[in-house]
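To start, the structure under review is shown below, and the notes come after it.
Residues take their numbers from the sequence shown, with the count starting at 1.
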Amino acid sequence: MEREFNRVNLRGIYRILTEIAKGNFAFQIKRTDHKDELEGLHAYANQTSEELYRKRHQFLWLNRNTEAMLIRTANFLLDKNLKVIDFSYKHLDHVKVDPNTILGNTFSKLLVRKFQPTWQKNMKKFIVSKKQSFHMLLEYHFDELLQINLYTVVSRLTGVKEGKYIVTSYLMDTSKDFFSELPRDSEIKTFSKWDQKLFHEIHIYIVQHLDEPPKTLDQLAMLFNTNEYKIKTGFKEIFGCTPMQYYNRQRIRQCKILIENTSLSLKEISIKMGFSSYPHFSKSFKKETHVTPRFYKKITRNS
């Protein structure tokens with residue numbers, strides 16, 4: 001029997017969003033034996049928090065002038081009618097945002113007027129498409145810090161019966177210089193703002209195209225108007241792996257979420273995530289997780 005979405009059952013989601021906003025990426029929601037939409041939401045939230053914890057160093061990048069670049073986010077969880085059912089956002093100066101101005105409202109009402117038609121048009125196309133995510137620029141009216149063109153990713157919440165969506169807008173904060181005392185001969189690797197933006201866009205591109213064959217280094221270089229060496233060395237410096245390795249890890253991570261929280265067969269998941277064949281899917285999955293998809297499904301769905 002499926003649980004209804006109410007404040008009591010969503011307590012774990014509220015808590016993990018609060019912990020993420022505070023910078024505590026180690027928090028996890030305690031899992032249950034339920035196989036419903038809510039459990040799928042818990043799994044997605046835990047995976048997101050785990051990913052942020054594993055790569056928390058990426059949220060603090062340095063440019064050549066040793067200026068700290070902190071990546072902040074505004075996150076919104078939307079229901080099938082595109083109304084906000086939860087959000088996570090923290091003002092740089094700790095100014096409180098009245099939740100009543102956000103929760104329960106249609107998302108488009110949070111945007112400045114000129115962005116509302118674009119949002120509605122893009123979402124209408126996205127809902128009927130098979131894409132997992134897309135990106136666009138947005139501006140919000142409820143906070144002056146968000147009244148600039150913010151790079152925003154809109155994603156489907158995988159593993160739920162009714163459509164739910166996550167909107168994440170990225171805000172770069174350079175108001176604080178945490179490393180002003182770094183010596184000039186410091187061994188800390190530094191990147192210009194342009195390079196930071198480049199690697200961030202490559203990262204977003206990979207996440208948005210997990211259901212497609214991966215791009216080679218020369219294809220990425222051509223796509224982002226740069227060179228292979230810069231992508232190979234810079235991306236690995238920030239993300240700890242090559243673009244291809246990152247693609248493989250993220251695709252298998254998405255497969256694990258689908259196995260845990262949907263009724264799709266392993267063959268259907270293989271096709272959905274763009275593998276050339278089921279044996280290719282099984283081999284790639286085992287290489288990353290050390291178990292076959294079939295065994296992973298058995299231990300996660302029958303526990």
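- The backbone N or O of L266 sits nowhere less than 3.5 Å from a side-chain atom of S270 that would complete a donor-acceptor pair.
- When side chains are defined from C-beta on, C241 counts as touching R249, because their heavy atoms get closer than 4.5 Å.
- In this pair, Y246 and H203 present their aromatic rings perpendicular. The plane angle is above 60°, beyond the 30 to 60° band.
- Between V84 and L77, every side-chain heavy-atom pair lies at or beyond the 4.5 Å cut-off.
- To the nearest 0.5 angstrom, S88 atom OG is 10.5 Å from I16 atom CD1.
- Using modelled atom types, one finds a donor on one side chain and an acceptor on the other under 3.5 Å when comparing Y296 with E260.
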In a table with atom names and distances, give each donor-acceptor pair under 3.5 Å that connects a side chain of residues 106-119 to protein atoms at least two apart or in another chain.
unit_1	atom_1	unit_2	atom_2	d
Q116	NE2	S108	O	3.2
Q116	NE2	L111	O	3.1

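- You'll find the side chain of N75 stays beyond 4.5 Å of the side chain of V167, heavy atoms only.
- In this structure, T152 and H135 have side chains that are not in contact, with every pair of non-hydrogen atoms separated by 4.5 Å or more.
- Defined by atom type and a distance below 3.5 Å, a donor-acceptor pair is present between the side-chain atoms of D143 and Y89.
- In this structure, R251 forms no cation-pi arrangement with F285, as its terminal cationic atom is not both closer than 6.0 Å to the ring centre and no more than 45° off the ring axis.
- Put simply, the side chain of N81 never gets that close to the backbone of K83: no donor and acceptor are under 3.5 Å apart.
- Using cut-offs of 30° and 60° on the angle between ring planes, the pair F142 and F76 is perpendicular.
- F126 has its ring centre less than 6.0 Å from the ring centre of F134.
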Donor-acceptor pairs under 3.5 angstrom involving side-chain atoms of residues 206-219: please list them, not counting sequence neighbours.
unit_1	atom_1	unit_2	atom_2	d
H209	ND1	Y205	O	2.7
K215	NZ	Y205	OH	3.2
T216	OG1	D218	OD1	2.3
T216	OG1	Q219	N	3.3
T216	OG1	Q219	OE1	3.3
Q219	OE1	T216	N	2.8

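- In this structure, the side chains of S155 and V153 come closer than 4.5 Å at one or more pairs of heavy atoms.
- Residues I166 and V154 are not in side-chain contact: their nearest non-hydrogen atoms beyond the backbone lie 4.5 Å or more apart.
- The CG atom of L220 sits 9.5 Å away from the CG atom of L198 when rounded to the nearest 0.5 Å.
- Proximity of a side-chain donor or acceptor of N225 to a complementary backbone N or O of A221 within less than 3.5 Å is not detected.
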Residues Y140, S169; criterion side chain to side chain donor-acceptor pair (under 3.5 Å); working and verdict: CA-CA 10 Å; Y140 302 84; S169 292; 2.7 Å; yes
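- Side chains of T289 and K256 form a contact here, defined as non-hydrogen atoms less than 4.5 Å apart.
- Taken together through direct or relayed side-chain contacts under 4.5 Å among Ile, Leu, Val, Met, Phe, Trp and Tyr, L103 and L146 form part of one hydrophobic cluster.
- Minimum interatomic distance between I127 and Y165 (heavy atoms only, all atoms of both residues): CG1-OH, 3.5 Å.
- Residue L264 comes nearest to K297 through the heavy atom pair O-NZ, 4.1 Å, listed as atom of the first residue, atom of the second, then distance.
- The two residues L82 and M123 come nearest to each other via the heavy atoms CD2-CE, 3.6 Å.
- For the atom pair CD of Q254 and CD1 of I269, the computed distance is 10.0 Å after rounding to the nearest 0.5 Å.
- Linking Ile, Leu, Val, Met, Phe, Trp and Tyr residues whenever their side-chain heavy atoms come within less than 4.5 Å places F281 and I299 in a single cluster.
- Side-chain contact check for S282 versus F275: every heavy-atom pair is 4.5 Å or farther apart.
- A pairwise comparison of heavy atoms in I231 and F199 identifies CA-CE2, 4.3 Å as the closest pair.
- With rounding to the nearest 0.5 Å, the separation of OH in Y278 from CD1 in I271 is 11.5 Å.
- Distance check: M222 CE to E228 CD gives 9.0 Å after rounding to the nearest 0.5 Å.
- A distance of 11.5 Å separates SG of C255 from CD of Q250, quoted to the nearest 0.5 Å.
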